[in-house]
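Read through the structure below, which is laid out as structure tokens, and then see the notes.
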Amino acid sequence: MKEALISLLEQSLSALEASGTLPQAPEVTPQVDHTRDASHGDLATNLAMVLAKRAGMAPRALAEAIVSGIPENTLIARAEIAGPGFINFFLNQASQVEIIGKVLAAGPAFGTSRAGAGRKVQVEFVSANPTGPLHVGHGRGAAIGDSLCRLLTATGWDVQREFYYNDAGQQINNLALSVQARARGLGPDDETWPTDGYRGTYIIDLATAYVAGATVAAADRSITALGDIDNLEAIRDFSVAWLRREQDLDLKAFGVTFDNYFLESSLYESGAVERTVATLEQAGHSYEQDGALWLRTSDFGDDKDRVMRKKEGHYTYFVPDVAYHLDKWQRGYERVINEQGADHHSTITRVRAGLQGLDQGIPEGWPEYVLHQMVTVMRDGEEVKLSKRAGSYVTLRDLIDWVGKDATRFFLAARSASSQLTFDVDLALAQSNENPVFYIQYAHARICSVKRKAQAHDANWTPQSGLEHLDQLVEPEAIALLLLLAKYPEVIEGATRQLEPHGVANYLRELAAAFHGFYNAHKMVDESQPDQSLARLALAEATRQVIANGLELLGVSAPESM
RNA sequence: CCGCCCGUAGCACAACCGGAUAGUGCAACGGCCUUCUAAGCCGUAGGUUGCAGGUUCGAAUCCUGCCGGGCGGGCCA
């Protein structure tokens, strides 16, 4: 529809150029947008205002000329000049209802595209270290990252989901020591409790399972505990697997899966870290000073140089990060998106600087980053800071237990990642009848209920048969719904391009509101009005399909009854 | 001190990367169920978009400077 209008406008422009009204101008693609206000028509263009200066005409006069140059067509009922020089298009009813047939024909595929077809993208997200349960920040990362993957898949990309973690560092040592201490019956208040030990009660469960010789299977590893309290290495291996499994269970309950788990330790074992450092040295971007090896990151936008190898001989943390991203590049991902907490934003400059220093022709802006800001959890008007199991933070599991998977996913994905988020448990839970998630799901369930009623009346009353009666749809509420349905593919395209899944959430709320409005104003199924009922059934089904498609992108269920 | 993010109605957030009268939900007030799910709908009220300049036909959006909040800045990860 949009394309058709653009084409009409281009024809008008060339006619104006031919007649000398407009000077020969460089190609401009007219910008056509959906309007916010129904009194502004269905679609509008700012073309006249953009070209006014170049044409030496007043915007409104130019708009008049453009409108008069538009060829005869069957799409537009009328075009109006408004405001400072907008051209507002009012589509005729037959053009407006076309969208229903398109939605019903495409079904679950409506809104998808082939924009990224044949191209590989990797999305790395969550990437929690196996030292404790996932917290709400990981939950936000999981909700946003997973929705990004779904959006990219829906627009044709070949997506790989990756989870990166460190299974060997000092944190893991602390973990093993903590489990060992618990296995010996010690608690955080005892004098011999390890410094920087993990104090959460999950360590007790872990220690108990280890002593009992339990077997655990995580998505990427499985192990049987030796039960030997003195074998720190065995405790470490078991603990990592146990916590990985716990994280997997939380992610599964959240509807999130991964294609690959990548271990930081593998970068040392394979020699990738050594090779990366050697390559950086050969490329001449490093130097020795004070007994340490430095990388000249300031050549690549960092505000100062960074140490790669400490005096003692160990590498600093960003070196494996660089090696890891080189590995991603060598795996052939022209696009890599890292979703992570904004508290790690300083690594962006270093990783990119390291990659530039390798002289491998990696683009400057590679990889891309989506950073999410902090989440605070409010309940009973107070900030919740502690979880029973983890001790020092609120876990993703806590949220799922409190308000359910659907509400948790929706709330965590419905806000712009760059804004801090207040998760109001009272809103998601105590006032559940006003919950935006249920509001959208309710619209979906209502439509299913309407369909059931129509079918009960007459088995031939299907949405498909309503396609022949779409001329019945003339009410303002119906038109508003149609316009929103037509917008959906652009919402998906925009959310994917900007890597902002929250646009989908906002759209769905609007769509649900438009349906509820129609439902309350008009009877959907009226036995005495078969043509009208069938048309409304088709509209309702198209709405249901789009709601279901959108919720799927957010990982939220679309129930048939509530 | 430096870097990144944010500042929009009482609260929580949108606003199609410069468009028209800045929207949505909670909270407040007033209406709508003998009828397809009232987990719904309709209406009312609520704003100098932190402040001050600048750019232009046009600014919440872009630029500069302040103010306020968050995060980060180590041979820690």
Side-chain angles (χ1 to χ4, degrees), chain A residues 31 33-37 39-40 44 46 49-50 52-53 58-59 82-86 88 129 166 169-171 264 289-294 302-304 306-318 320-321 341-349 371-374 376 378 381 411 414-424 426-427 431-439 441-443 445-454 456-457 487 490-491 493-495 497-498 502-503 505-507 509-510 512-513 515-526 533 536 540 561-562:
Chain A
Q31 187 186 334
D33 290 312
H34 287 276
T35 57
R36 202 182 300 174
D37 189 327
S39 69
H40 298 148
N46 61 356
M49 290 181 290
V50 174
K53 186 169 282 182
F86 288 101
N88 294 333
N129 281 340
N166 182 359
Q170 185 54 40
Q171 312 273 22
E264 182 180 330
Q289 185 181 309
D290 302 331
L293 181 65
W294 295 68
D302 206 350
D303 53 355
K304 53 186 162 188
R306 306 287 170 178
V307 169
M308 287 197 288
R309 191 170 54 223
K310 297 182 257 184
K311 226 182 314 191
E312 311 86 84
H314 286 103
Y315 293 109
T316 56
Y317 69 92
F318 91 93
D321 273 358
D343 52 342
H344 292 112
H345 82 264
S346 61
T347 67
I348 297 176
T349 313
L371 301 180
H372 64 261
Q373 298 288 328
M374 284 183 53
T376 53
M378 299 290 287
F411 272 66
R415 305 264 187 264
S416 159
S418 59
S419 289
Q420 290 169 43
L421 171 66
T422 304
F423 194 111
D424 189 341
D426 303 321
L427 179 66
Q431 299 167 338
S432 64
N433 56 334
E434 306 294 351
N435 188 310
V437 189
F438 294 154
Y439 181 83
Q441 291 180 320
Y442 182 45
R446 250 187 172 173
I447 294 170
C448 292
S449 170
V450 166
K451 277 165 57 184
R452 284 193 294 270
K453 174 168 169 147
H457 166 69
K487 250 174 86 169
E490 291 164 43
V491 171
E493 189 278 325
R497 178 170 41 80
Q498 300 174 60
H502 74 274
N506 290 327
Y507 167 82
R509 197 201 304 234
E510 267 184 73
F515 176 75
H516 287 310
F518 183 89
Y519 179 94
N520 269 77
H522 307 287
K523 196 164 170 59
M524 305 296 295
V525 179
D526 183 347
S533 297
R536 289 176 178 177
S561 64
M562 294 179 74

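Just so we're on the same page: letters track the sequence lines, and every chain starts at 1.
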Answer with base, sugar-phosphate or nothing: what part of the nucleic acid does [X] contact at a heavy-atom distance below 4.0 Å?
X: Asp290(A); answer: base
X: Met524(A); answer: base
X: Glu264(A); answer: nothing
X: Ala445(A); answer: base
X: Tyr519(A); answer: base
X: His457(A); answer: nothing
X: Gln170(A); answer: nothing
X: Thr422(A); answer: sugar-phosphate

>> Reading 5' to 3' and counting Watson-Crick or G-U wobble pairs with both distances under 3.5 Å, write the dot-bracket notation for RNA chain B, | for bases paired outside the strand.
In response: (((((((..((((.....[...)))).(((((.......))))).....(((((..]....))))))))))))....
Taking [atom1] from [X] and [atom2] from [N], how many angstroms apart are they, rounded to a whole number?
X: Glu312(A); N: rG74(B); atom1: CD; atom2: C1'; value: 13 Å
X: Phe423(A); N: rC26(B); atom1: CZ; atom2: C1'; value: 15 Å
X: Leu421(A); N: rA14(B); atom1: CG; atom2: C1'; value: 14 Å
X: His372(A); N: rG70(B); atom1: NE2; atom2: C1'; value: 14 Å
X: Gln289(A); N: rC75(B); atom1: CD; atom2: C1'; value: 11 Å
X: Ile348(A); N: rG73(B); atom1: CD1; atom2: P; value: 13 Å
X: Phe438(A); N: rG25(B); atom1: CZ; atom2: P; value: 18 Å
X: Arg452(A); N: rU37(B); atom1: CZ; atom2: P; value: 8 Å

Among [options], the nucleotide that comes nearest once only the side chain of [X] is considered:
X: Arg306(A); options: rA38(B), rG73(B), rA12(B); answer: rG73(B)
X: Arg509(A); options: rA12(B), rC75(B), rG25(B); answer: rG25(B)
X: Asn166(A); options: rC36(B), rA12(B), rA77(B); answer: rA77(B)

> Quick one: ring pair (Phe, Tyr, Trp, His ring centres under 6.0 Å) partners of His457(A), sequence neighbours excluded?
Replying inline: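 Ring pair (Phe, Tyr, Trp, His ring centres under 6.0 Å) check on His457(A) returns Trp461(A).
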>> Can you list everything that forms a ring pair (Phe, Tyr, Trp, His ring centres under 6.0 Å) with His34(A)? Sequence neighbours excluded, please.
In response: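 For His34(A), no residue satisfies ring pair (Phe, Tyr, Trp, His ring centres under 6.0 Å) once neighbours in sequence are set aside.
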> Is the base of rC57(B) syn or anti, where syn means the angle lies within 90° of 0?
Replying inline: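 rC57(B): anti.
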Closest approach of [X] to [Y] (non-hydrogen atoms, all atoms of both residues):
X: Arg509(A); Y: Pro436(A); value: NH1-CB, 3.8 Å
X: Lys523(A); Y: Lys453(A); value: NZ-NZ, 4.5 Å
X: Glu264(A); Y: Pro320(A); value: OE2-CG, 3.7 Å
X: Val307(A); Y: Ala292(A); value: CG1-CB, 4.1 Å
X: Ala82(A); Y: Asn88(A); value: CB-ND2, 3.4 Å

>> Does the structure place the NZ or CZ of Arg446(A) under 6.0 Å from the centre of the six-membered ring of Tyr519(A), at an angle of no more than 45° from the ring's axis?
In response: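 So Arg446(A) does make the cation-pi contact.
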In the structure I gave you, are the side-chain heavy atoms of [X] and [Y] within less than 4.5 Å of one another anywhere?
X: Tyr315(A); Y: Leu293(A); answer: no
X: Met562(A); Y: Phe438(A); answer: yes
X: Lys310(A); Y: Thr316(A); answer: yes
X: Tyr317(A); Y: Asn166(A); answer: no
X: Asn46(A); Y: Phe86(A); answer: yes

> Could you write nucleotides 5-11 of chain B as a row of B, S and -, 5' to 3', where a protein heavy atom under 4.0 Å of any base atom gives B, of only sugar-phosphate atoms gives S, and otherwise -?
Replying inline: SS-----
> Once each nucleotide of nucleotides 15-23 of chain B is scored for protein heavy atoms under 4.0 Å, what B/S/- sequence comes out, 5' to 3'?
Replying inline: SBB-BB---
Taking only the [atom1] atom of each, what is the distance from [N] to [M] in whole angstrom?
N: rG40(B); M: rU35(B); atom1: C1'; answer: 15 Å
N: rG18(B); M: rA9(B); atom1: C1'; answer: 24 Å
N: rU21(B); M: rU49(B); atom1: C1'; answer: 15 Å
N: rA39(B); M: rG65(B); atom1: C1'; answer: 50 Å
N: rU44(B); M: rA27(B); atom1: C1'; answer: 15 Å
N: rG72(B); M: rC26(B); atom1: P; answer: 35 Å
N: rA38(B); M: rG46(B); atom1: P; answer: 31 Å
N: rU8(B); M: rG69(B); atom1: P; answer: 14 Å

Enumerate all atom pairs, one protein N or O and one N or O from nucleotides 41-47 of chain B, separated by less than 3.5 Å.
{"from": "rC41(B)", "atom 1": "OP1", "to": "Tyr439(A)", "atom 2": "OH", "distance (Å)": "2.4"}
{"from": "rC41(B)", "atom 1": "O4'", "to": "Asn520(A)", "atom 2": "OD1", "distance (Å)": "3.2"}
{"from": "rC41(B)", "atom 1": "O4'", "to": "Asn520(A)", "atom 2": "ND2", "distance (Å)": "3.3"}

Donor-acceptor contact present, side-chain [X] to main-chain [Y], <3.5 Å:
X: His516(A); Y: Tyr439(A); answer: yes
X: Asp526(A); Y: Ser533(A); answer: no
X: Thr35(A); Y: Ala44(A); answer: no

> Under 4.0 Å between a side-chain N/O of Lys453(A) and OP1 or OP2 of rU37(B), yes or no?
Replying inline: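 Looking at the OP1 and OP2 atoms of rU37(B), neither is under 4.0 Å from any side-chain N or O of Lys453(A).
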>> If the cut-off is 4.0 Å, is Lys310(A) near the phosphate of rA77(B), judged by side-chain N/O to OP1 or OP2?
In response: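 Yes.
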> So does Tyr317(A) reach the base of rA77(B) with its side chain, donor to acceptor, closer than 3.5 Å?
Replying inline: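 Yes.
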> rG3(B) base to His345(A) side chain: any donor-acceptor pair below 3.5 Å?
Replying inline: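 Such a pair exists between side chain and base.
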>> On RNA chain B, does the nearest nucleotide to Leu371(A) precede the nearest nucleotide to Arg309(A) from the 5' side, or the other way round? Give the residue.
In response: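 Here Leu371(A) is the residue nearer the 5' end.
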> What is the distance from atom CG of Leu421(A) to atom NE2 of His502(A), rounded to the nearest 0.5 Å?
Replying inline: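 Reported value, rounded in 0.5 Å steps: 12.0 Å.
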